There are 2 protein chains.
Amino acid sequence: MTKRETIIVSAIKLFSSKGFEGTSVRDIAADAGVNVAMINYYFGSKEKLFESVVEYKASFLRGVFSELVNNKKLSHIEKIDFMIDQLIERKFSDAKFSHLLHRELSLELRPQLRNAISGILLKNIDPVKTIIKDGIKTGVFQPVDIELTLTTVIGTIHYLLTSDTICQKILGKKEGFSPFQNKQLKKRLGEHTKKLMRSYLLKNKKH
Amino acid sequence: MTKRETIIVSAIKLFSSKGFEGTSVRDIAADAGVNVAMINYYFGSKEKLFESVVEYKASFLRGVFSELVNNKKLSHIEKIDFMIDQLIERKFSDAKFSHLLHRELSLELRPQLRNAISGILLKNIDPVKTIIKDGIKTGVFQPVDIELTLTTVIGTIHYLLTSDTICQKILGKKEGFSPFQNKQLKKRLGEHTKKLMRSYLLKNKKH
DNA sequence: TTATTTATTAAACATTTGTTTAGTTTTAAA
DNA sequence: TTTAAAACTAAACAAATGTTTAATAAATAA
């Protein structure tokens, strides 16, 4: 790992848990074991470091859903199942960073970053829209509101993992319960979301 | 409005749009037309001002759903409809403040505030759980995962209004489109969510 | 009225902030 | 080996931060 990457990794960690303005460049430098000046040397400014963080994460993000559209082996609803599993997997494996992006989006600061961020978050939106649209066109799916159906899937997964406190309160769990990386919860969420979509999308429920 | 309230109102506005650490006490004082020292005079510290903001907002929040449980005039699904309308109404009328609370929840700072906040956000959760539970017990509703069904409703409404950029990208709208206080979108979201819940909850769909 | 508490002010305070400078070491090319 | 570019450091910089002080004005009580 290059020193540049070391800084980015520390920035991801600290921005994720304490927010952008809640993290000082000295915090980052200390965590990375690097002189403070190196941050401006490599990135120019704290804000540009943030941009680099976003770019860095985006570079690991493949568009997994584009090949799904023309997949002939899977039925329409199986494609939806696959998508749900992927979204849950991704959210559970990287919830803290997802929070960082959503926090940034809801702020009225750094507008140029917000476009890049929403691009990352919704990278796969068009293929998924197409899958639902195809299902409707071929008569397998009900004529639903495509965009809002998608919002439901993403929103359900996202909201459950908003924070441990929220998750505990919703599920009626004790304070110790930690939702992130909880395999049982992951399974439960998957089952619920798939069942919900089958019930809502499918015309013929006998499948 | 007392001077204390003036400060709180300015704090709500600025914390909502720029975040807690992104807002300085001088920003707040200037917006409220008040000397900087008055903030510490009235509230003790910036952090305690934040607590007062949360308390202030909570004091306006009535528990609208508790009386709904024992309402005999409405059917089970009509109660769900009512709840959805209420949640949408509330979210659209106060989206920015809701964002502030969710940002704070997802940060690993100020843990004592997070409990108060999740309490506010999920004030009505128990009555709503009861309504779904009753529907299942009387055989009108399918035996669904109650907590996650609730998460779906809240999550759908919440996610659509995460930010204008996200909403634009999901709906395929131009940059100018502003979702907040958009009556058409409000109606569309209500129809989608109610249709979804009827499809998922009701055993006998002929209603 | 006078006395006393409350409200308000401008200025100062001590830290912390992101960033830059000027110098040094390391690396790599000529 | 010499030279020049790149990497790195400790220190300084200016600005902004939350908070406190000391003095004054206003409101209230005796």
Side-chain angles (χ1 to χ4, degrees), chain A residues 1-56 100-101 103-104 107-114 116-117, chain B residues 1-56 100-101 103-104 107-114 116-117:
Chain A
M1 198 158 58
T2 69
K3 191 160 274 193
R4 208 189 110 99
E5 277 178 311
T6 314
I7 295 172
I8 289 187
V9 169
S10 291
I12 290 173
K13 182 172 113 188
L14 294 172
F15 287 166
S16 295
S17 66
K18 310 203 295 168
F20 178 75
E21 11 270 326
T23 306
S24 74
V25 289
R26 281 172 179 82
D27 290 341
I28 297 168
D31 188 275
V34 146
N35 189 287
V36 211
M38 296 315 288
I39 287 172
N40 290 271
Y41 177 74
Y42 279 117
F43 301 96
S45 70
K46 187 191 176 188
E47 191 156 334
K48 280 189 188 152
L49 167 59
F50 194 4
E51 288 172 28
S52 297
V53 160
V54 172
E55 275 175 39
Y56 179 82
L100 170 62
L101 298 187
R103 276 198 304 268
E104 183 61 23
L107 286 176
E108 292 169 359
L109 302 163
R110 299 176 284 277
Q112 82 288 0
L113 250 175
R114 287 163 59 197
I117 288 175
Chain B
M1 198 156 57
T2 68
K3 192 160 273 193
R4 209 188 109 97
E5 277 179 311
T6 314
I7 295 172
I8 290 187
V9 168
S10 291
I12 290 173
K13 182 173 113 186
L14 294 172
F15 286 164
S16 296
S17 67
K18 309 203 296 168
F20 178 74
E21 9 272 327
T23 306
S24 74
V25 290
R26 281 174 181 80
D27 290 341
I28 298 168
D31 188 274
V34 146
N35 189 288
V36 212
M38 297 314 289
I39 287 172
N40 290 273
Y41 177 75
Y42 278 118
F43 301 95
S45 71
K46 187 191 177 188
E47 191 156 331
K48 281 188 187 152
L49 167 60
F50 194 3
E51 289 173 28
S52 297
V53 160
V54 172
E55 276 175 38
Y56 179 83
L100 170 61
L101 298 187
R103 277 197 305 269
E104 184 62 22
L107 286 176
E108 292 168 0
L109 302 163
R110 300 176 282 278
Q112 81 288 2
L113 250 175
R114 287 162 60 197
I117 289 175

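Note that the structure is predicted; figures quoted are calculated from it, not measured. Side chains are part of it too, since the values below use all heavy atoms of this structure and drop only hydrogens, waters and symmetry mates.
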Engineer: Where the side chain of M38(A) is concerned, which of dT9(C), dA7(D), dT19(C) is the nearest nucleotide?
Structural biologist: dA7(D)
Engineer: Rounded to the nearest angstrom, tell me the gap between atom CD in E21(B) and atom C1' in dG18(C).
Structural biologist: 16 Å
Engineer: Measure from the side chain of R26(A), starting at C-beta and using heavy atoms only, and say which of dA7(D), dA10(C), dG18(C) lies closest.
Structural biologist: dG18(C)
Engineer: Out of dT19(C), dC8(D), dT19(D), which nucleotide sits closest to the side chain of N40(B)?
Structural biologist: dT19(D)
Engineer: Whole angstrom is fine here: how far is it from NZ in K3(A) over to P in dT25(C)?
Structural biologist: 16 Å
Engineer: Measure the distance from OH on Y42(A) to P on dT9(D) and round it to the nearest whole Å.
Structural biologist: 10 Å
Engineer: Show me the pairs that pass salt bridge (Lys or Arg N to Asp or Glu O under 4.0 Å) and involve residues 45-55 of chain A, at least two apart or across chains.
Structural biologist: none
Engineer: Any sub-3.5 Å donor-acceptor pair from R103(A)'s side-chain atoms to S16(A)'s backbone N or O?
Structural biologist: yes
Engineer: What contact category does T23(B) fall into here, base, sugar-phosphate, or nothing, at under 4.0 angstrom with non-hydrogen atoms?
Structural biologist: sugar-phosphate
Engineer: Between I39(A) (CD1) and dC8(D) (C1'), how many Å, whole number?
Structural biologist: 13 Å
Engineer: Return yes if some donor-acceptor pair links the side-chain N/O of D27(B) with the main-chain N/O of S24(B) below 3.5 Å, else return no.
Structural biologist: yes
Engineer: Expressed in angstrom and rounded to an integer, what is the separation of L14(A) atom CG from dG18(C) atom P?
Structural biologist: 12 Å
Engineer: Figure out the OH/P separation between Y41(A) and dT21(C), and round it to whole Å.
Structural biologist: 15 Å
Engineer: Please determine, for the side chain of S45(A), which listed nucleotide (dT19(C), dT19(D), dT8(C)) has the closest atom?
Structural biologist: dT19(C)
Engineer: Which nucleotide sits closest to the side chain of V36(A): dA10(D), dT19(C), dT20(D)?
Structural biologist: dT19(C)
Engineer: Side chain of S24(A), heavy atoms from C-beta onward: which of dT17(C), dT9(C), dG18(D) has the nearest atom to it?
Structural biologist: dT17(C)
Engineer: Tell me the interatomic distance from K18(B), atom NZ, to dA16(D), atom C1', rounded to whole angstroms.
Structural biologist: 12 Å
Engineer: Measure CG/N35(B) against P/dA23(D) and give the value in whole Å, please.
Structural biologist: 17 Å
Engineer: Kindly give the heavy-atom pair with the smallest separation between K13(B) and D31(B), and that separation in Å.
Structural biologist: NZ-OD2, 2.7 Å
Engineer: Give the minimum heavy-atom separation between L49(A) and I8(A), together with the two atoms involved.
Structural biologist: CD1-CG1, 4.4 Å
